[in-house]
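Below, read A as the first sequence line, B as the second, and so on, with proteins coming before strands; counting in each chain starts at 1.
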There are 2 protein chains.
Amino acid sequence: PSERELGEQFKVSRVTVRQALQHLEAEGVIYRQNRRGWFVTPPAVIYDPAKHLSFNLYVSKQGYTPHTDKLMQQVEPANKEIAQLMSIEKGAPILFLHRRRYIDRRPVLIEKMYINIDLLPGIENEDLTQSLSQLLLNKYQHQYRDMDLSFTATALPEHVAKDLATSTGQAGLHVKRINFTDDKKVLEIDYEFWRHDAVKIEISIRD
Amino acid sequence: PSERELGEQFKVSRVTVRQALQHLEAEGVIYRQNRRGWFVTPPAVIYDPAKHLSFNLYVSKQGYTPHTDKLMQQVEPANKEIAQLMSIEKGAPILFLHRRRYIDRRPVLIEKMYINIDLLPGIENEDLTQSLSQLLLNKYQHQYRDMDLSFTATALPEHVAKDLATSTGQAGLHVKRINFTDDKKVLEIDYEFWRHDAVKIEISIRD
DNA sequence: CTGTTAATCTGGTATATACCAGAAAACTTT
DNA sequence: AAAGTTTTCTGGTATATACCAGATTAACAG
């Protein structure tokens with residue numbers, strides 16, 4: 001029901017209803033879509049970065065339907081941070097890829113990827129709504145192995161919230177991933193913003 | 001300044017001030033202490049679970065001062081979940097340890113640990129405000145190796161928020177950790193609730 | 001039937017106001 | 001000087017109301 005209806009039903013003001021709904025949202029029980037209403041949160045998908053599975057694969061394995069939108073793709077000059085991480089010159093061309101990913105038609109993840117085009121010639125002409133890891137394996141015989149991961153729980157930036165059709169300031173999980181080739185070069189850098197309620201990260205450490 | 005002062009200063013209502021402050025809080029720029037006021041968030045500590053360092057060690061290595069409160073300690077019967085994970089009988093004695101941990105006098109983490117007392121006889125008589133990993137190493141020659149980790153970004157439960165002197169519904173990071181012995185027995189299960197703005201998790205995966 | 005326009009519904013943001021609960025400070029009393 | 005009490009200040013919760021922005025739906029025109 002809408003906020004106004006809930007207010008009437010429970011004889012409280014709309015402001016109070018909103019606070020209560022925002023509490024439930026913080027717990028991950030419900031979520032909202034911008035000016036469309038409140039919905040029950042579906043179960044979170046389990047994501048194990050160390051398993052090197054593609055989004056499409058682990059989402060469908062868990063019984064959900066994945067989908068990917070390509071928001072932008074272009075070859076662009078590397079900025080300072082990317083250049084430094086990839087050990088290339090600032091301004092050297094890299095492939096930038098901006099995608100939105102869905103689980104059961106719900107947008108849950110915005111990712112921005114910076115791909116080392118030197119190591120993957122011709123990749124900019126491939127279909128990049130598909131699984132990148134599959135493509136790397138089939139066309140370039142590259143398999144993800146070593147990676148550096150970083151997680152922070154933080155609010156979704158404004159443009160990300162917009163792309164996910166949620167409200168600004170919504171809680172999210174920020175993941176940064178650096179993928180290396182077998183010979184320790186930086187293959188790809190990935191910045192992910194997840195809806196906080198859409199994912200649970202599980203990693204096994206085996207020394 | 002207080003919410004009322006800010007409202008006067010910028011000629012907006014207190015409700016609006018609160019919303020703005022809550023946005024900044026979600027971004028991790030500021031935080032509040034229950035009925036004490038709003039404060040600037042100090043830098044987050046970097047936590048790498050795979051490095052097997054103790055809280056005291058990695059916090060002080062990064063230039064901060066760690067501190068630990070023991071909120072509760074008792075030998076108690078294992079509940080179903082714990083018993084199952086530890087492969088012991090439900091109701092068998094385990095050591096429960098409830099601690100609050102500080103960085104530079106700011107409470108940032110509540111942890112509840114369930115320790116397999118069979119593998120660590122006499123541990124309940126040790127000083128458990130100190131580093132557990134140090135104790136395990138010195139007294140039992142146990143070193144953390146394999147572990148299963150799980151992360152979710154979620155609101156702090158009511159009692160956790162209270163223990164951290166913050167407001168209910170505050171964003172947090174929930175970490176579950178299962179530590180194994182060298183021979184693959186479950187040594188200890190750890191449930192951690194972090195302030196979302198106090199920690200950044202970094203893991204290197206090297207296959 | 002199709003495309004366009006207008007009305008309606010949704011949450012998002014804002015005002016002003018009131019009272020409560022607990023932390024901190026000021027003031028007593030001993 | 002120390003201990004207890006009161007006051008003041010803080011955020012926390014709640015009311016009622018208003019208008020905005022965008023998504024959805026209904027009505028209309030061709």
Report yes if at least one side-chain N or O of A:Ser2 is closer than 4.0 Å to OP1 or OP2 of C:dT10; otherwise report no. yes
At under 4.0 Å, does any side-chain N or O of B:Arg32 touch on OP1 or OP2 of D:dG12? yes
Without decimals, in angstroms, what is the distance between B:Tyr31 OH and D:dT10 C1'? 15 Å
Across the strands shown, which category fits B:Glu5 at heavy-atom distances under 4.0 angstrom: base, sugar-phosphate, nothing? sugar-phosphate
Among pairs that include at least one residue of residues 19-29 of chain A, which meet side chain to side chain donor-acceptor pair (under 3.5 Å), considering only residues two or more places apart or in two chains? A:Glu25-A:Arg32
Rounding to a whole Å, what distance do you find between B:Phe10:CZ and C:dA14:C1'? 17 Å
Is there a donor-acceptor contact under 3.5 Å linking the side chains of B:Asp69 and B:Tyr102? yes
Using side-chain contact (heavy atoms from CB on, under 4.5 Å) as the criterion, list what pairs up with B:Val15, not counting sequence neighbours. B:Ser13
According to a strict under-4.0 Å criterion, is A:Arg4 in side-chain N/O contact with OP1 or OP2 of C:dT10? no
By side-chain contact (heavy atoms from CB on, under 4.5 Å), B:Val12 pairs with (sequence neighbours left out) B:Phe10, B:Thr16, B:Val17
Got a sec, which residues hit side chain to side chain donor-acceptor pair (under 3.5 Å) with B:Glu3, two or more places apart in sequence or on another chain? B:Arg14, B:Arg18, B:Trp38
Go through the structure and list residues passing side-chain contact (heavy atoms from CB on, under 4.5 Å) with B:Ser204, not counting sequence neighbours. A:Asp148, B:Arg206
Using a 4.0 Å heavy-atom cut-off across all strands, classify B:Val12 as base, sugar-phosphate, or nothing. sugar-phosphate
If I take atom CZ in residue A:Phe39 and atom P in nucleotide D:dT24, what distance separates them, rounded to the nearest angstrom? 9 Å
Sub-3.5 Å pairs of nitrogen or oxygen atoms, protein against nucleotides 24-27 of chain C:
| residue | atom | partner | partner atom | Å |
| --- | --- | --- | --- | --- |
| C:dA24 | OP1 | B:Arg36 | NE | 3.4 |
| C:dA24 | OP1 | B:Arg36 | NH1 | 2.2 |

On DNA chain C, compare the nucleotides closest to B:Arg14 and A:Arg14; which residue's is nearer the 5' end? A:Arg14
What is the distance from CD of A:Glu3 to P of D:dT17, rounded to the nearest Å? 17 Å
